[in-house]
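To find a chain, count down the sequence lines: A is the first, B the second, and so on, and within it residues start at 1.
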Protein chains: 2
Amino acid sequence: MQPQNNIRLTNRRKVIIEELRKLHTHPTADELYEVVRKRLPRISLGTVYRNLEFLAGKGIIRKLEIGGTQKRFDGDLDIHQHIRCTECERIDDLPAGTAVTRCDREILENTGYEIIERRVEFIGICPACRARRAGEGPGHSGVVDTH
Amino acid sequence: MQPQNNIRLTNRRKVIIEELRKLHTHPTADELYEVVRKRLPRISLGTVYRNLEFLAGKGIIRKLEIGGTQKRFDGDLDIHQHIRCTECERIDDLPAGTAVTRCDREILENTGYEIIERRVEFIGICPACRARRAGEGPGHSGVVDTH
DNA sequence: ATAATAATAGTAATGATTACTATTAACAAA
DNA sequence: TTTGTTAATAGTAATCATTACTATTATTAT
Ligand SMILES: [Mn+2]
Ligand SMILES: [Mn+2]
Ligand SMILES: [Zn+2]
Ligand SMILES: [Zn+2]
């Protein structure tokens with residue numbers, strides 16, 4: 001979060017990070033916008049979107065791309081899992097160290113959540129793309145435009 | 001998939017199910033639309049969307065609400081996990097019985113995927129909603145309009 | 001065959017997100 | 001401290017996936 005490398009430490013950016021870190025609710029962009037607006041009444045929703053995406057790309061915050069129609073964001077960089085209520089859509093943190101298997105009872109006792117479903121997703125690079133990458137050879141900047 | 005209970009066995013519906021089950025690519029609605037269109041050139045995209053949602057609600061197919069901008073669908077009802085390539089967005093099945101932990105090497109050997117990230121999501125009902133549900137008492141139809 | 005109504009096609013609307021552009025402001029250098 | 005460069009922003013338009021609407025069609029029970 002230093003200046004240099006053309007990253008400017010704007011007041012917008014500082015407030016967005018601060019308010020996201022204060023919240024433990026994994027807000028959507030528009031939810032965080034409503035909070036930030038209390039300190040910066042002239043900020044635009046687009047600025048919140050742009051900065052959340054920017055900061056997630058820099059690894060300063062996390063973007064949760066879980067199911068549902070809206071993206072959610074998390075100021076907590078520690079590795080941890082989430083639990084979502086199927087009724088009200090709220091997302092809570094799971095206590096660290098919770099095992100994936102045989103943990104429904106443990107989760108119920110720790111959080112009060114009744115487990116309905118578990119979802120495990122692995123994210124990686126498929127054989128075809130690995131081959132294509134290898135063929136491209138070295139000399140490969142870190143910044144890639146995927147569009 | 002019987003008639004009765006007001007579910008009509010239309011040709012649209014039959015073809016959508018058949019083509020989804022033939023594919024192992026976890027298609028989006030528009031991808032399946034392009035496939036189904038070869039057999040039913042007059043079908044509309046809305047019909048594909050409506051039926052995919054309808055059939056998922058009936059448990060006849062699965063809706064994958066994983067990250068990404070588009071929903072994906074799966075004709076395979078067996079419990080299994082998925083792996084998504086961060087480069088080309090394709091989604092493949094993981095072999096059944098793969099353990100969640102200590103499995104990166106195993107997945108690499110079985111599928112050729114290089115694991116970058118694992119994501120575990122638990123879905124359940126939070127304490128507040130459980131309480132609210134209990135308060136509503138019995139006499140509760142299965143059909144609930146959440147809007 | 002007929003009546004009741006579920007399903008459809010075509011289109012409009014919605015909602016989240018992204019793109020565009022003139023203006024503003026951060027900051028490195030003087 | 002002032003200045004020049006240009007990243008960031010506000011306001012708005014556009015995009016994209018999905019859902020809603022409605023007149024018409026087609027399925028099923030009788
Ligand atoms: Mn979290
Ligand atoms: Mn599958
Ligand atoms: Zn809840
Ligand atoms: Zn790939």
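Between Arg12(A) and the options Val48(A), Val36(A), Ile43(A), Ile17(A), a side chain to side chain contact (heavy atoms under 4.5 Å, CB included) holds for only Ile43(A).
Of the candidates dT17(C), dA26(C), dA7(C), the closest approach to any side-chain atom of Arg8(A) belongs to dA26(C). Here the side chain of Tyr49(B) is nearest to one of dA7(D), dT19(D), dT18(C), namely dT19(D). Distance from the side chain of Leu45(A) is smallest to dT17(C) among dA8(D), dT17(C), dA10(D). Ranking dT9(D), dT18(D), dG10(C) by closeness to the Ser44(B) side chain, first place goes to dG10(C). Of the listed nucleotides (dT18(C), dA7(C), dT17(C)), dT18(C) has the atom at the smallest distance from the side chain of Glu53(A). Across dT19(D), dA4(C), dT9(D), the shortest atom-to-atom separation from the side chain of Lys71(B) is found for dT19(D). Of the candidate nucleotides dA17(D), dA8(D), dT17(C), dA8(D) has the atom nearest to the side chain of Arg13(A).
Under 4.0 angstrom from either OP1 or OP2 of dA10(D) there lies at least one side-chain N or O belonging to Arg12(A). The side chain of Thr28(A) places no N or O atom within less than 4.0 Å of a non-bridging phosphate oxygen (OP1 or OP2) of dA16(C). Side-chain nitrogen and oxygen atoms of Thr47(B) include at least one within less than 4.0 Å of the OP1 or OP2 phosphate oxygen of dA9(C). Within the 4.0 Å cut-off from OP1 or OP2 of dT8(C), at least one side-chain nitrogen or oxygen of Arg50(B) is found. A close approach under 4.0 Å does not occur between any side-chain nitrogen or oxygen of Arg42(A) and OP1 or OP2 of dT24(C). The side chain of Thr10(B) contributes an N or O atom lying less than 4.0 Å from OP1 or OP2 of dT8(C). At the phosphate of dT9(D), OP1 or OP2 sits under 4.0 Å from a side-chain N or O atom of Asn51(A).
Each of Gly46(B) and Ile16(B) lies near DNA chain C, and the nucleotide nearest Ile16(B) is the one positioned closer to the 5' end.
A salt bridge links Glu53(B) to Lys63(B): one of the charged nitrogens lies within less than 4.0 Å of a carboxylate oxygen.
Following rounding to the nearest Å, Gln70(A) (CD) and dA16(C) (P) show an atom-to-atom distance of 5 Å. If you take CG of Leu52(B) and P of dA17(D), they are 15 Å apart, rounded to a whole angstrom. Rounded to an integer number of Å, the gap from Tyr33(A) OH to dT9(D) C1' is 13 Å. Remark: C1' of dA26(C) and NZ of Lys14(A) are 10 Å apart, rounded to the nearest angstrom. Taking atom CZ of residue Phe54(A) and atom C1' of nucleotide dA19(C), one finds them 18 Å apart after rounding to whole Å. Residue Arg72(B) contributes atom CZ, which lies 13 Å from atom C1' of dA17(D) at whole-angstrom precision. In this structure, CG of Leu64(B) is placed 17 Å from P of dA17(D), rounded to the nearest angstrom. For Ile43(A) and dT9(D), the CD1 to P distance is 7 Å, given to the nearest whole Å.
In this structure, Tyr49(B) is a member of the same hydrophobic cluster as Phe54(B), with clusters built from ILVMFWY side-chain heavy atoms closer than 4.5 Å.
Two residues are said to be in side-chain contact when any heavy atoms from C-beta on lie closer than 4.5 Å; Thr28(A) and Lys71(A) fail this criterion.
For Thr47(B) and Arg50(B), the side-chain atoms include at least one donor-acceptor pair closer than 3.5 Å.
Using a distance-only test at 3.5 Å, with no hydrogens or angles considered, a donor-acceptor pair links the side chain of Arg13(A) to the main chain of Arg8(A).
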